[in-house]
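Everything below concerns the one structure shown next.
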Amino acid sequence: MYRIGVMGCGVVASYGHLPAIVDTPELQLAAIFDPDESRVKELGNRYPGVLQFTDADSFIEAPLDAIVIASPAPSHSSNLELAAARGLPVLCEKPLASTEQEANEMIELMKSRNLMLYTGFCYRFSPISMKIREIVQSGAIGKVRALRLMYLWNLDGKYVIHPDGEWGLNERRAERMVEGGPMVDCGVHQVDLARWWLQSEVVRHHGIGVWLEEYEAPDHVYLHMDHACGAHTMVEMSFSYSATARDPLSYFSYELIGTGGVIRYNRDGWFFEMRNGYSTQVLSGGSEKNFHGMYQEFARSLRSGEPGDLPTGEDGVIATGIARAATNEAIRNRLQVGHTVIR
Ligand SMILES: NC(=O)c1ccc[n+]([C@@H]2O[C@H](COP(=O)([O-])OP(=O)(O)OC[C@H]3O[C@@H](n4cnc5c(N)ncnc54)[C@H](O)[C@@H]3O)[C@@H](O)[C@H]2O)c1
């Protein structure tokens, strides 16, 4: 059994990491840490027997074999330094850090200690995503030429009713917008999937922004990427899709267009199919995320010392770097209404 310590007991730890660690036969949820005592208590009550800490220095002294970092991005680096000093491998939530420089320093630190560092891109392990990779590799839709990857989310609107009954800023959304908005927060998963499915690096990219609501970063973003293999990926991400509608909804889909057919997935209807010259195959639908699959692979990697399908620290830096660059490009090129741009 590998004893896992988790740093950060917020939303994603609660619904994603902790249940998956507990359900993975080779892993033991040994210790949790969060500076917020109420968070430690809440999750500690859910998992009796787990060691509970509100102090990082005491947490890191617990008997542990690996660390999971699920705290906010600005704290990833200092948490990783503690793990590195103890000689422990790390699975860290995306984005690895708030800047590319800091993320690269984290990678270098782990390399210098000969320790594994993985990025928590849990989408890779969804049965949908694994099946897409299998179909692409088999050549069943020919050469993949285009990917259309969309996640249009309402993220509860810019304003919400607070507990006192007054309307106020939706802090959850505002924080994510300050960190870079939908492409940096969510689109990194799609950037990673495109690279992983195609096994081909992005050689150039271009970001275009749309402002449905006023923030510095665009709340609706298009990212266009050309891959070395000649394929083109378009990622479309939104935090404001239908947010002002009485009945807001989300739209999540993947489409891969090949010379010999297409793959189509829509999460909201759990629709998944492959069409080629021989047949139309209706495939089993499912969720776009899979923390359980990620932890099975993490257990395998702890055993073998090899990453297998786990996204490495480098994969994390590449995806976040592209998402940030595209968002910054969109901000720089924002067209002021009434201005004419002549090229
Ligand atoms: N892979 C995914 O699908 C996915 C989904 C959501 C969030 N995330 C990522 O996971 C991370 C956490 O997101 P969240 O939504 O759970 O945030 P959250 O705000 O709900 O939870 C963060 C928790 O970390 C705690 N914390 C603050 N400083 C800390 C520190 N120095 N050390 C340890 N804990 C600390 C906070 O008290 C809080 O309980 C972010 O990097 C986010 O981008 C990933």
Side-chain angles (χ1 to χ4, degrees), residues 4-21 31-44 46 52-60 62 64 67-83 90-99 102-103 106 117-126 128-129 151 153 155-156 170-193 237 239 250 252 267 287-295 297-298 310-311 313 315-317 319-320 323-324:
I4 310 296
V6 178
M7 307 180 85
C9 298
V11 172
V12 75
S14 171
Y15 82 81
H17 294 278
L18 268 51
I21 294 167
I32 55 174
F33 156 65
D34 196 299
D36 180 341
E37 191 177 359
S38 67
R39 296 301 311 154
V40 176
K41 280 205 168 133
E42 188 189 323
L43 294 190
R46 211 185 290 171
Q52 303 172 29
F53 298 92
T54 53
D55 168 53
D57 293 327
S58 311
F59 161 85
I60 210 69
L64 296 170
I67 296 293
V68 170
I69 300 177
S71 54
S75 62
H76 289 178
S77 171
S78 56
N79 283 337
L80 177 128
E81 280 169 22
L82 291 173
V90 170
L91 171 62
C92 182
E93 260 302 349
K94 58 81 197 163
L96 283 186
S98 303
T99 64
E102 196 178 30
M106 290 163 69
L117 169 60
Y118 300 117
T119 308
F121 286 140
C122 55
Y123 284 40
R124 277 196 190 187
F125 303 93
S126 150
I128 305 294
S129 159
Y151 182 20
W153 185 17
L155 192 43
D156 304 329
N170 175 356
E171 297 293 349
R172 182 167 166 246
R173 175 204 270 246
E175 276 168 25
R176 288 167 182 240
M177 289 306 302
V178 168
E179 286 176 8
M183 193 57 72
V184 174
D185 187 44
C186 301
V188 286
H189 289 288
Q190 276 77 354
V191 174
D192 180 63
L193 287 178
M237 290 281 135
F239 276 172
S250 293
F252 188 109
R267 178 193 69 180
S287 165
E288 81 284 12
K289 296 191 185 190
N290 185 0
F291 286 89
H292 282 74
M294 183 169 78
Y295 276 100
E297 196 67 356
F298 191 41
L310 277 174
D315 288 323
V317 171
T320 304
R324 279 219 179 94

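Counting starts at 1 for both ligands and their atoms, in listed order. Quick caveat: nothing in here was measured; it's all calculated off a predicted structure.
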Please list the nearest protein heavy atom to atom 7 (C) of ligand 1 with its residue and the distance rounded to 0.1 Å. Val12 CB, 3.8 Å
Heteroatom proximity flag, Tyr123 to ligand 1, N/O under 3.5 Å: no
Need the ligand 1 atom indices (1-based, order shown) with element for anything under 4.0 Å from a heavy-atom of Cys122. 1 (N), 3 (O)
Of all the non-hydrogen atoms in the protein, which one sits nearest to atom 17 (O) of ligand 1, and at what distance? Val11 N, 4.5 Å
When you measure from the side chain of Arg124 to the backbone N and O of Asp192, does any donor-acceptor pair fall under 3.5 Å? no
Closer than 4.0 Å to some heavy atom of Cys9 - which atoms of ligand 1 meet that? 39 (O)
Nitrogen or oxygen atoms of Arg176 and ligand 1 under 3.5 Å apart: no
Determine the interplanar angle of the Tyr123 and Phe252 rings, folded into 0 to 90°, and report it as parallel if under 30°, tilted if 30 to 60°, perpendicular if over 60°. tilted
So if I count the atoms of ligand 1 from 1 in the order they appear, which ones are less than 4.0 Å from some heavy atom of His189? 1 (N), 2 (C), 3 (O)
Which residue holds the protein heavy atom closest to atom 22 (C) of ligand 1, what is that atom called, and what is the gap in Å? Pro72 CD, 3.7 Å
Taking atom 11 (C) of ligand 1 as the reference point, the nearest protein heavy atom with its distance: Ser71 O, 3.4 Å
Is there any N or O on Pro35 that sits under 3.5 Å from an N or O of ligand 1? no
Just to confirm my output: which protein heavy-atom neighbour is closest to atom 3 (O) of ligand 1, and how far is it? Lys289 NZ, 2.8 Å
For Glu179, state whether at least one heavy atom is located under 4.0 Å from any atom of ligand 1. no
Closest to atom 23 (C) of ligand 1 among Val40, Leu43, Asp34 (heavy-atom distance): Asp34
Using 30° and 60° as the class boundaries, would you call the ring planes of Tyr151 and Trp153 parallel, tilted or perpendicular? parallel
Heavy atoms, side chains only, cut-off 4.5 Å: are Leu82 and Met7 in contact? yes
Which residue and atom name correspond to the protein heavy atom nearest atom 44 (C) of ligand 1, and how close is it? Glu93 OE1, 3.1 Å
Salt bridge or not between Lys41 and Asp36? Use side-chain N to carboxylate O under 4.0 Å. no
Would Asp156 and Arg172 pass as an ion pair if we require N to O under 4.0 Å? yes
Numbered in order shown, the ligand 1 atoms found under 4.0 Å of a heavy atom of Gly120 are 1 (N)
Salt-bridged, Asp185 to Lys94, with N to O below 4.0 Å? yes
I'd like to check which ligand 1 atoms, numbered from 1 as shown, lie under 4.0 Å from a non-hydrogen atom of Asp36. 37 (O)
For atom 21 (O) of ligand 1, what is the nearest protein heavy atom, given as residue, atom name and distance? Gly10 CA, 3.1 Å
For atom 19 (O) of ligand 1, state whether the nearest protein heavy atom is under 4.0 Å away. no
Does Cys9 offer a backbone N or O that forms a donor-acceptor pair with the side chain of Arg39 under 3.5 Å? yes
Proximal atoms of ligand 1 relative to His76 (non-hydrogen, under 4.0 Å): 41 (O)
Within less than 4.0 angstrom of ligand 1, does Tyr15 place any heavy atom? yes
What pair of heavy atoms forms the shortest contact from Ile67 to Ala83, and how long is it? CG1-CB, 3.8 Å
Only heavy atoms of Arg39, strictly under 4.0 Å: list the atoms of ligand 1 that pass. 39 (O)
If you measure from each non-hydrogen atom of Lys94 to ligand 1, which part falls under 4.0 Å: side chain, backbone, both or neither? both
Using ring centroids (six-membered ring only for Trp), state whether Phe33 and Phe59 fall under 6.0 Å. yes
Could you tell me whether the side chains of Ser71 and Asn79 share a donor-acceptor contact shorter than 3.5 Å? yes
Residue pair Thr119 / Leu96, side-chain heavy-atom distance below 4.5 Å: yes
Closer than 3.5 angstrom, by distance alone: can the side chain of Thr320 be matched with the main-chain N or O of Gly316 as a donor-acceptor pair? yes
How close do Asp315 and Phe121 get, heavy atom to heavy atom, and via which atoms? O-CE1, 3.8 Å
Should Ala13 be counted as touching ligand 1, given the test is an N or O pair under 3.5 Å? no
Taking atom types as modelled and ignoring hydrogens, do the side chains of Glu93 and His17 form a donor-acceptor contact shorter than 3.5 angstrom? yes
Relative to the heavy atoms of Gly8, which atoms of ligand 1 are at a distance of less than 4.0 Å? 24 (O), 33 (C), 34 (N)
Should one rank Cys186, Ala70, Ser75 by closest heavy-atom distance to atom 12 (C) of ligand 1, which comes out on top? Ala70
